[in-house]
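Here is the structure we will look at, set down as structure tokens.
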Amino acid sequence: GYLQGQRYGHEDNVSLYIEEPTCIEVEEELSLEDKMTEYAMLILRTADGLTEEGFRKRFGRDIPEDLKDKMKTLVAKGLCEEIKGGIRLN
């Protein structure tokens, strides 16, 4: 799961999980770069897609160049289409 900037998981052992389902096994504080990448991957699943405007509203900055390069690659491979100010899955 993901909540308030932290990624977490539960016990892999089903028997132990059944005994204590609320026990969090793994916690990871995401870096800003990880948060931006995670946002990009999740927002691409929506009809709105990943846009400069949406990214700027969320993070207060432009989409990083490495993500822009990945966006161009997705469009070139035909996996995404360009929309006003960004891309979305097609």
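Bear in mind that the values here come from a model prediction, so they are computed numbers and not experimental data. These values consider heavy atoms only, across backbone and side chains, with no hydrogens, waters or symmetry-generated copies.
Cluster annotation: Leu30 is not connected to Tyr39 through the hydrophobic network of ILVMFWY side chains, with a link wherever side-chain heavy atoms come within less than 4.5 Å.
Residue pairs satisfying the salt bridge (charged side-chain N to carboxylate O under 4.0 Å, His left out) criterion with at least one member in residues 49-60, sequence neighbours excluded, are listed as follows: Glu52-Arg56, Glu52-Lys68, Glu53-Lys57, Arg56-Asp62. The salt bridge (charged side-chain N to carboxylate O under 4.0 Å, His left out) pairs that include a residue from residues 38-48 are Arg7-Glu38, where partners are two or more places apart or lie in different chains. Residue pairs meeting the salt bridge (charged side-chain N to carboxylate O under 4.0 Å, His left out) criterion with at least one partner in residues 80-90, sequence neighbours excluded, are Glu81-Arg88.
Nearest heavy atom pair, residue Gly49 against residue Ile83, reads CA-CD1, 4.5 Å.
The shortest distance between side-chain heavy atoms of Leu32 and Arg61 falls below 4.5 Å. A heavy-atom distance below 4.5 Å is not found between the side chains of Thr51 and Ile43. The shortest distance between side-chain heavy atoms of Pro64 and Phe55 falls below 4.5 Å. Met71 places none of its side-chain heavy atoms less than 4.5 Å from the side chain of Val75.
Qualifying side-chain hydrogen bond (donor to acceptor under 3.5 Å, both in side chains) partners for Glu65, counting only residues two or more places apart in sequence or in other chains: none. Every residue meeting the side chain to side chain contact (heavy atoms under 4.5 Å, CB included) condition with Asp69, not counting sequence neighbours, appears here in chain and number order: Lys72.
In this structure, Leu89 CG and Leu50 CG are separated by 10.0 Å, a value rounded to the nearest 0.5 Å.
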**OP:** Show your reasoning for whether side chain to side chain contact (heavy atoms under 4.5 Å, CB included) applies to Leu44 and Leu74.
**Re:** CA-CA 11 Å; Leu44 276 175; Leu74 292 171; 4.2 Å; yes
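Hydrophobic cluster of Ile18: the remaining members, joined at side-chain heavy-atom separations below 4.5 Å, are Val14, listed by chain and number.
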